[in-house]
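Below is one structure, written out as structure tokens, with a few remarks after it.
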Amino acid sequence: MAEQVLTDISALRTSPLGHLSETLKQGAVAGERGVSLREIAFTTQIGLRAEPGSAAHAALSAATGVQLPSAAGQVVGTEDGTAVLWLGPDEFLLVAPDGSEPFSSLVAALGDEAGQVVDLSANRTVIELSGPSARAVLEKSCPADLHPRSFEIGSAITTVLGPVPVLLWKTDEQTFRVLPRASFADYTARWLLDGMAEFASEPID
């Protein structure tokens with residue numbers, strides 16, 4: 001009888017930026033003009049659709065544990081736990097840490113109501129850009145107004161970074177999370193690294 005070999009599938013996973021992990025570390029800039037880049041890999045991402053005011057919206061809102069955002073650009077929840085980003089009046093993205101399993105409970109909560117629960121975990125990766133120069137790096141190629149008066153902590157928008165469509169989420173005063181499609185992750189990371197390079201040099205008086 002052939003011997004069965006059990007394999008831990010999670011050990012075989014490769015994130016969209018796993019091949020660039022050392023490059024991202026080496027691209028970090030320290031000091032007053034500092035900025036760093038890292039991938040937050042394998043986050044759980046669930047797409048939700050429900051009409052505001054409907055039974056489906058109420059059910060999904062309760063099932064998330066943090067409610068659904070009610071205004072454009074709003075994010076409810078926390079970046080270290082479960083967060084839900086507003087993408088449109090009836091469209092939301094739930095983001096949770098690796099290992100979280102909210103999908104089944106959300107599907108059960110929706111039941112037969114008109115709405116949608118879709119596992120999008122492999123669709124996008126999360127790239128975190130942080131440091132005193134993080135906003136300046138983004139402003140080189142993002143057309144959105146990223147000044148704190150317009151883009152507050154706990155906000156997320158759909159925009160572009162250079163030619164790449166992304167979700168941009170501000171989690172702290174000097175910290176932004178960029179969510180590109182997995183197929184654009186390498187391009188996006190290298191684009192940001194290129195934008196970070198100038199801050200490694202001393203400014204010219």
With no hydrogens and no angle check, do the side chains of S121 and D119 hold a donor and an acceptor under 3.5 Å apart? yes

Any link between M196 and L20 through a network of hydrophobic side chains (Ile, Leu, Val, Met, Phe, Trp, Tyr) touching at under 4.5 Å? yes

Within the side chain of T171, is there an N or O that forms a donor-acceptor pair under 3.5 Å with the backbone of E79? no

V75 versus W86: any side-chain heavy-atom pair under 4.5 Å? no

Would you say the side-chain atoms of D186 and H19 include a donor-acceptor pair closer than 3.5 Å? yes

T188 and L17, any side-chain heavy atoms less than 4.5 Å apart: no

Atom OG of S130 and atom CZ of R177: how far apart are they, to the nearest 0.5 Å? 10.0 Å

Criterion side chain to side chain contact (heavy atoms under 4.5 Å, CB included) against F151, the qualifying member of D145, I157, L138: I157

Salt-bridge present (R190, D194; N to O < 4.0 Å): no

Does the R38 side chain pair with the main chain of K25, one donor and one acceptor, at a distance under 3.5 Å? no

Between T64 and L48, is there a side-chain heavy-atom distance shorter than 4.5 Å? yes

Is it true that L168 and I153 fall in one hydrophobic cluster, defined by side-chain heavy atoms closer than 4.5 Å? no

Roughly how far, to the nearest 0.5 Å, is the OG1 atom of T159 from the CG atom of L167? 10.0 Å

Would one find more than 12 heavy atoms of other residues, nucleotides or ligands at under 6.0 Å from atom CZ of F176? yes

Which pair of heavy atoms, one from V164 and one from P180, lies closest together, and at what distance? CG1-CB, 4.3 Å

Heavy-atom closest pair, residues A56 and A114: CB-O, 3.2 Å

Side-chain donor/acceptor of Q74 to backbone N/O of A71, under 3.5 Å: yes

Contacts of T82 that satisfy side-chain hydrogen bond (donor to acceptor under 3.5 Å, both in side chains) - sequence neighbours left out: none

NZ/NE/NH1/NH2 to OD/OE distance under 4.0 Å, E152 and R149: no

Nearest heavy-atom approach of V76 to Q67 is CG2-O, 3.0 Å

Minimum heavy-atom separation for G27 to L193, with atom names? CA-CD2, 4.0 Å

For the backbone of L87 and the side chain of E91, can you confirm whether one donor and one acceptor N or O come within less than 3.5 Å of each other? no

Hey, are the side chains of L129 and I127 touching, using non-hydrogen atoms and a 4.5 Å cut-off? no

With clusters defined by side-chain heavy atoms of hydrophobic residues (ILVMFWY) lying less than 4.5 Å apart, directly or transitively, does V126 cluster with V178? no

Would F42 and F103 show up in the same hydrophobic cluster when neighbours are defined by side-chain heavy atoms closer than 4.5 Å? no

Should T158 and V166 count as side-chain neighbours, where that means a heavy-atom distance under 4.5 Å? no

Using only atom types and a distance under 3.5 Å, with no angle test, would you say the side chain of S133 pairs donor to acceptor with the backbone of A136? no

Short side-chain to backbone donor-acceptor contact, D172 and Q174, under 3.5 Å: no

Output for pair (L192 CG, S141 OG), nearest 0.5 Å, gives 7.0 Å

Within the 4.5 Å heavy-atom criterion, are D98 and R13 side-chain neighbours or not? yes

Scan side-chain atoms only and decide if T125 and E39 contain a donor-acceptor pair under the 3.5 Å cut-off. yes

Could you tell me whether a side-chain N or O of T44 sits under 3.5 Å from a main-chain N or O of S100, the two making a donor and an acceptor? yes

Least distance between heavy atoms, S105 atom then A63 atom: O-CB, 4.4 Å

Quick one: does K140's side chain have a donor or acceptor within less than 3.5 Å of a partner on G195's backbone? yes

I40, L85: one ILVMFWY side-chain cluster at the under-4.5 Å cut-off? yes

Verdict with reasoning, R135 to K170, per side-chain contact (heavy atoms from CB on, under 4.5 Å): CA-CA 10 Å; R135 185 179 125 204; K170 185 175 182 179; 5.8 Å; no

Let me see the working for L106 and I46 under side-chain contact (heavy atoms from CB on, under 4.5 Å), right down to the final yes or no. CA-CA 9 Å; L106 288 164; I46 309 293; 3.9 Å; yes

Taking the side chain as every heavy atom from C-beta outward, state whether T175 and E128 have any atom pair closer than 4.5 Å. yes

Contact check, side chains of S155 and W169, non-hydrogen atoms, under 4.5 Å: no

Any sub-3.5 Å donor-acceptor pair from Q45's side-chain atoms to R124's backbone N or O? yes

Check ring pair (Phe, Tyr, Trp, His ring centres under 6.0 Å) between Y187 and all other residues, then give those that pass, not counting sequence neighbours. W191

Does a sphere of radius 6.0 Å around CG in D112 hold more than 12 heavy atoms from other residues, nucleotides or ligands, not counting ones at 6.0 Å or beyond? no

Closest non-hydrogen atom pair, A182 against A122: CB-O, 3.8 Å

